[in-house]
Amino acid sequence: MNDLGSLVQQTADRLAGQQVGVAVAGLAGGAVEIRGAGRTGTGPDADVPDAHTLFEIGSVTKVFTSLALARLVLAGSAALDEPLADVLADALPAGVTVPAKGGTPITLQHLATHTSGLPRLPAGMLLPALVAPNKPDPYRHCTGEALLAGLARTRLRAEPGRGFRYSNLGAGLLGLALAHRAGTGYEELVTREVCAPLGLADTVITVDTERSARLSLGHTPRRRAVPFWHLADLAGAGGLRSTAADLAILLRAQLASGPDDGSPLGPAIALTREVDHRVNPFAWVHLGWLAHRLHARQGGHLQIWHNGETGGFRSFVAFDPEKDVGVIVLANTRRSVDPAGIALLRALQNG
């Protein structure tokens with residue numbers, strides 16, 4: 001295999017010309033290399049990003065939400081086939097019901113695999129609002145009360161379980177429901193069920209004084225600084241911030257996963273991958289993860305992945321348990337890093 005550190009640095013250097021700043025990690029055979037390039041902001045005092053720089057990770061948060069689900073299922077506190085309406089029964093406003101279609105209720109598994117039939121966004125939200133430059137967090141009004149009340153105006157696009165339809169609303173409702181079942185907030189739930197067992201020190205929603213000094217600023221594709229996003233009670237869809245160092249620990253656990261691997265999250269990780277919904281002959285979705293297998297002409301490799309986007313950040317996390325390799329790309333500019341992440345992963349797979 002080509003030198004892991006060189007491949008990671010080359011990827012970071014290439015991305016630095018497109019982004020304000022990036023942190024890139026590569027994992028192979030137990031080795032981990034993390035490199036940064038560019039700057040955490042456009043000011044004169046901005047630092048070069050490193051393994052401990054915090055970025056908004058957007059929809060990569062969904063991986064954490066689904067891991068929390070798996071942990072609660074294994075503890076007997078929830079069930080994959082449990083209807084969302086049952087979990088939220090005592091939280092729904094008077095007269096509001098969870099939508100259903102074809103006599104099939106939405107279950108927690110449907111939410112985690114984007115097969116609930118729910119629309120992509122909460123009622124009243126428009127997609128262009130998500131990427132308007134310098135617009136305040138478009139999700140800031142998504143309180144639990146607003147989300148649940150909005151179900152009265154929500155119609156399912158398909159019968160639950162019948163087809164894949166990516167939904168931030170569904171993932172956010174899953175995080176809200178799990179936190180409600182656990183009797184805590186979403187951030188506390190993820191800390192307890194995922195971050196603390198793995199030893200993730202910097203995967204948070206709330207940024208304290210010490211972490212704020214390591215928090216990168218977000219930017220538009222034209223490098224204009226933008227406000228941070230705070231997703232209120234839709235946080236389970238994309239509200240976490242994290243570092244390349246923390247996500248590398250998560251990927252190492254994913255690569256070593258198994259119900260008997262000795263890791264505190266081994267059984268939960270195994271459960272997330274046991275569940276899959278086929279999207280087409282080459283692609284499917286696990287609990288929280290998207291996956292596909294490349295055509296034989298491209299090597300036939302397995303790629304399990306998720307990406308993320310907020311107003312000023314992009315992220316890409318992917319791994320191949322068959323080849324024991326993985327990649328992480330975090331950027332503080334709303335410009336896709338997926339092609340660079342995929343190229344690095346394939347270089348490691350072919351190494």
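The basis for the numbers below is simple: all heavy atoms, side chains too, and nothing from hydrogens, waters or symmetry mates. FYI, the numbering just counts along the sequence from 1.
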With a cut-off of 3.5 Å and sequence neighbours excluded, list every side-chain donor-acceptor pair involving residues 324-332.
residue	atom	partner	partner atom	Å
Asn332	OD1	Gly21	N	2.6
Asn332	ND2	Arg39	O	3.0
Asn332	ND2	Thr40	O	3.2
Asn332	ND2	Ser216	OG	2.8
Asn332	ND2	Leu217	O	3.4

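- The backbone N or O of Arg314 sits nowhere less than 3.5 Å from a side-chain atom of Arg334 that would complete a donor-acceptor pair.
- Hydrophobic clustering, with ILVMFWY side chains joined whenever heavy atoms are under 4.5 angstrom apart, groups Val32 together with Leu198.
- Partners of His110 under the ring pair (Phe, Tyr, Trp, His ring centres under 6.0 Å) rule, at least two apart in sequence or in another chain, do not exist in this structure.
- Aromatic ring orientation, His306 versus His114: tilted (interplanar angle from 30° to 60°).
- When atom types are taken as modelled, the side chain of Thr310 and the backbone of Gly58 share no donor-acceptor pair closer than 3.5 angstrom.
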Inset, instruction - Mind running side-chain hydrogen bond (donor to acceptor under 3.5 Å, both in side chains) on Arg223 and Gln19 for me, showing each step along the way? - result: CA-CA 8 Å; Arg223 302 183 176 225; Gln19 308 285 338; over 6 Å; no
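- Between the side chains of Gln303 and Gln349, at least one donor N or O sits under 3.5 Å from an acceptor N or O.
- Taken together through direct or relayed side-chain contacts under 4.5 Å among Ile, Leu, Val, Met, Phe, Trp and Tyr, Ile249 and Ile269 form part of one hydrophobic cluster.
- The 12-atom threshold is not exceeded at NE2 of His52, counting heavy atoms of other residues, nucleotides or ligands nearer than 6.0 Å.
- Rounding to the nearest 0.5 Å places OG of Ser167 at 8.0 Å from CG of Leu121.
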Legend entry - Derivation of the side-chain contact (heavy atoms from CB on, under 4.5 Å) call for Val63 and Val317: CA-CA 10 Å; Val63 171; Val317 179; over 6 Å; no
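- The backbone N or O of Pro221 sits less than 3.5 Å from a side-chain atom of Arg335, completing a donor-acceptor pair.
- Rounded to the nearest 0.5 angstrom, Arg293 CZ and Leu302 CG are separated by 5.0 Å.
- You'll find the side chain of Leu234 stays beyond 4.5 Å of the side chain of Thr143, heavy atoms only.
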Legend entry - Worked verdict on Gln109 versus Leu287 for side-chain contact (heavy atoms from CB on, under 4.5 Å): CA-CA 7 Å; Gln109 178 170 323; Leu287 295 179; 4.2 Å; yes
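- Proximity of the aromatic rings of His292 and Phe282 is defined here by a centroid distance below 6.0 angstrom, and this criterion is not met.
- You'll find the side chain of Phe55 stays beyond 4.5 Å of the side chain of Val22, heavy atoms only.
- Contact check on Asp202 versus Arg214 returns a salt bridge, with a Lys/Arg side-chain nitrogen under 4.0 Å from an Asp/Glu carboxylate oxygen.
- In the hydrophobic cluster analysis, where Ile, Leu, Val, Met, Phe, Trp and Tyr join through side-chain heavy atoms closer than 4.5 angstrom, Leu176 is grouped together with Leu80.
- Side-chain atoms of Asp320 come within 3.5 Å of backbone atoms of Glu322 as a donor-acceptor pair (strictly under, hydrogens ignored).
- In this structure, the side chains of Val87 and Glu82 come closer than 4.5 Å at one or more pairs of heavy atoms.
- Both Leu247 and Trp289 sit in one connected hydrophobic cluster of ILVMFWY residues. Membership requires side-chain heavy atoms under 4.5 Å apart, directly or through other members.
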Inset, instruction - Go through the steps to decide whether His277 and Trp284 satisfy the test side-chain contact (heavy atoms from CB on, under 4.5 Å), and finish with yes or no. - result: CA-CA 5 Å; His277 175 88; Trp284 60 96; over 6 Å; no
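- Using a 3.5 Å distance cut-off with no hydrogens or angles, the side chains of Thr203 and Asp246 do pair a donor with an acceptor.
- Of the possible polar contacts, one joining the Arg140 side chain to the Asp137 backbone as a donor-acceptor pair under 3.5 Å is found.
- With no hydrogens or angles considered, a side-chain donor-acceptor pair links Lys62 and Ser59 at under 3.5 Å.
- By the neighbour-count criterion of 12 heavy atoms within 6.0 Å, atom CZ of Arg181 is densely surrounded, having more than that number from other residues, nucleotides or ligands.
- Looking at Ser66, its side chain does come within 3.5 Å of a backbone N or O of Gly288 through a donor-acceptor pair.
- In terms of hydrophobic clustering, with Ile, Leu, Val, Met, Phe, Trp and Tyr side chains grouped at heavy-atom distances under 4.5 Å, Leu173 and Leu189 are assigned to a common cluster.
- Not one N or O on the side chain of Thr191 forms a donor-acceptor pair closer than 3.5 Å with the backbone of Cys195.
- Side chain of Thr115 to backbone of Pro160: no donor-acceptor contact under 3.5 angstrom is found.
- For Arg278, the CZ atom counts as densely surrounded, since its 6.0 Å shell holds more than 12 non-hydrogen atoms of other residues, nucleotides or ligands.
- Of the possible donor and acceptor atoms, none in the side chain of Gln254 sits under 3.5 Å from a partner among the backbone N and O of Leu251.
- Arg35 places no side-chain N or O within 3.5 Å of a backbone atom of Val24 that could act as its donor or acceptor partner.
- Phe313 does not carry Arg241 over the face of its six-membered ring by the limits of under 6.0 Å from the centre and within 45° of the normal.
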